[in-house]
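Working notes, beginning with the structure itself.
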Amino acid sequence: MAESQDADVDPRMYEQLKLDRPHGARVYDYFLGGKDNFAIDRQAAEHLLQAFPGFRTAALSNRMWMHRAAKYAAEQGITQFLDVGTGIPTSPNLHEVVQEIAPSAHVVYADNDPIVLAHSRALLVSKPEGKTAYLEADVTDPQAILQSDEVKELIDFSKPVALSIVGVFHYLPDALKPYDLVRQLVEPLAPGSLLIFSHCTPDFAPELWERAMVVYKADGGDAQVRSKEEVTRFFEGTELVEPGVVSPFRWYPDDETQRLVDKGEFTDIMCSLWVGVGRKP
């Protein structure tokens, strides 16, 4: 939605779209320069940028890392992907990355924002040999995702799956039992499956992040950033792929990532993310 369209939203849609508070997918879209966000999201995003100027850099480094991690999974021979917390489509999407390597790959996307559903057509343009599907579901209900028709149709749990949970769990406070949620999603996966996971951290700039969390919650959002030790706990039950849990630009950087590092744009503080890939034994 462009800015000028906010006033045109049917009041009956406000509750469905949850426009009384910012949504992570739409705030992330704003940081990436997208147009699929509303005034409540832009206000929260600008307040976050005032508190911590690195959010745009963090979003970019996170997405670039996701592309590399998805490519890595496809290069390992994985042809099934479950992407939880998809966000608003931005090309290249995950299926576009992996189907360049494995044209027959199956990708299931899941997100709980109706705006993502409205744009899901972009997620369904698969190569002829492969398949993609989208379901509206919430990461706080893993069984609804795992038991969905879309997952049952496209994912064979007797074979390895790449489970992508990128930039999602910092929106889930401990009260929602985030570690249990990840375990439920990983549990049915076959040996050789991969967990692709990233999470914002206050480790490099604690005072800035404390301020950012205060302003985000004041704007109606909810979030909890976590330390490296806390993020590493999400990988319990898997074996971390080298180089382990690191800043995104340190995980097998490609030429463009290295260019941004050399320019001084990608730094630990400005990215403030822990990322990693774990293999299920």
Side-chain angles (χ1 to χ4, degrees), residues 65-87 92-112 116-117 120 123-169 172 177-199 232-242 244-245 251-252 275-281:
W65 168 78
M66 181 274 284
H67 290 158
R68 299 197 303 281
K71 183 179 178 182
Y72 170 85
E75 289 172 342
Q76 299 303 300
I78 292 181
T79 59
Q80 304 185 106
F81 293 77
L82 176 56
D83 185 43
V84 179
T86 299
N93 294 289
L94 187 147
H95 72 279
E96 295 171 296
V97 173
V98 301
Q99 287 183 348
E100 283 299 315
I101 298 164
S104 63
H106 289 188
V107 181
V108 178
Y109 295 101
D111 202 284
N112 70 342
V116 181
L117 175 62
S120 62
L123 302 174
L124 303 177
V125 185
S126 170
K127 283 189 179 293
E129 305 95 315
K131 290 183 179 179
T132 64
Y134 176 83
L135 69 138
E136 190 172 353
D138 198 301
V139 68
T140 59
D141 190 355
Q143 296 310 313
I145 296 172
L146 296 170
Q147 299 301 320
S148 67
D149 291 340
E150 292 83 358
V151 167
K152 288 180 177 179
E153 182 180 340
L154 267 66
I155 303 294
D156 178 356
F157 285 110
S158 70
K159 299 177 181 178
V161 176
L163 170 63
S164 175
I165 310 175
V166 174
V168 177
F169 269 63
L172 275 62
K177 299 183 177 179
Y179 298 103
D180 289 344
L181 298 176
V182 171
R183 276 194 287 272
Q184 288 184 56
L185 289 166
V186 171
E187 192 275 331
L189 304 184
S193 295
L194 296 178
L195 170 62
I196 299 171
F197 188 89
S198 70
H199 195 295
T232 302
R233 276 186 59 199
F234 284 107
F235 291 96
E236 287 181 0
T238 72
E239 299 170 349
L240 280 164
V241 172
E242 289 295 331
V245 175
W251 201 94
Y252 297 112
V275 309
V277 176
R279 178 177 285 107
K280 188 173 181 182

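All residue numbers in this chain count up from 1 along the given sequence.
Here the side chain of Glu96 pairs a donor or acceptor atom with the backbone of Asn93 at under 3.5 angstrom. With hydrogens and angles disregarded, a donor-acceptor distance shorter than 3.5 Å links the side chain of Ser193 to the backbone of Val161. Judged by distance alone, with hydrogens and angles left aside, the side-chain atoms of His95 form no donor-acceptor pair with the main-chain N or O of Tyr109 at under 3.5 Å. Side chain of Ser104 to backbone of Glu129: no donor-acceptor contact under 3.5 angstrom is found. Ser120 places no side-chain N or O within 3.5 Å of a backbone atom of Leu123 that could act as its donor or acceptor partner. Judged by distance alone, the side chain of Lys131 and the main-chain N or O of Leu154 form no donor-acceptor pair under 3.5 Å. Side-chain atoms of Thr86 come within 3.5 Å of backbone N or O of Ala110 as a donor-acceptor pair.
Remark: Glu242 CD to Trp251 CH2 distance equals 11.0 Å, nearest 0.5 Å. Between atom CZ of residue Phe81 and atom CG of residue Leu194 there is a gap of 8.0 Å, rounded to the nearest 0.5 Å. Leu82 contributes atom CG, which lies 6.0 Å from atom CD1 of Ile155 (distance to the nearest 0.5 angstrom). We find the CG-CD distance between Leu117 and Glu136 to be 5.0 Å, quoted to the nearest 0.5 Å. Between the CG atom in Leu189 and the OG1 atom in Thr238 there is a gap of 10.5 Å [rounded to 0.5 Å]. Annotation: the span from Thr132 atom OG1 to Asp83 atom CG amounts to 11.5 Å, rounded to 0.5 Å.
Evaluation of the ring pair (Phe, Tyr, Trp, His ring centres under 6.0 Å) rule for Tyr179 yields Phe234 as partners, not counting sequence neighbours. For Tyr134, there are no side chain to side chain donor-acceptor pair (under 3.5 Å) partners two or more places apart in sequence or in a different chain. Shown here are the side chain to side chain donor-acceptor pair (under 3.5 Å) partners of Gln99, two or more places apart in sequence or in another chain: Ser126. Every residue was checked against the side chain to side chain donor-acceptor pair (under 3.5 Å) condition with Asp111, not counting sequence neighbours, and none meets it. Every residue two or more places apart in sequence or in another chain was checked for a salt bridge (Lys or Arg N to Asp or Glu O under 4.0 Å) with Lys177, and none qualifies. Residues satisfying the side chain to side chain donor-acceptor pair (under 3.5 Å) criterion with Asp156, sequence neighbours excluded, are Ser158.
Between Val241 and Arg279 the shortest heavy-atom distance is CG2-NH1, 3.7 Å. Between Val168 and Val84, the shortest heavy-atom distance links the atoms CG2-O, 3.5 Å. The two atoms that bring Trp65 and Ser198 nearest to each other are CZ3-CB, 3.6 Å, heavy atoms only. Across all non-hydrogen atoms, the minimal contact from Pro281 to Pro191 is O-CB, 3.6 Å. What you find for Met66 and Val166 is that their closest heavy atoms are CG-CG2, 3.9 Å. In terms of heavy atoms, Ile196 sits closest to Ala162 at CD1-CB, 4.3 Å.
In this structure, Lys280 places its NZ atom where more than 12 heavy-atom neighbours from other residues, nucleotides or ligands lie under 6.0 Å away.
In this structure, Tyr252 and Tyr72 have parallel ring planes: the angle between them is below the 30° cut-off, well short of the 60° mark.
Counting only heavy atoms from C-beta outward, the side chains of Ile165 and Leu195 approach each other to under 4.5 Å.
The pair Arg183-Asp180 counts as a salt bridge, with a side-chain nitrogen and a carboxylate oxygen less than 4.0 angstrom apart.
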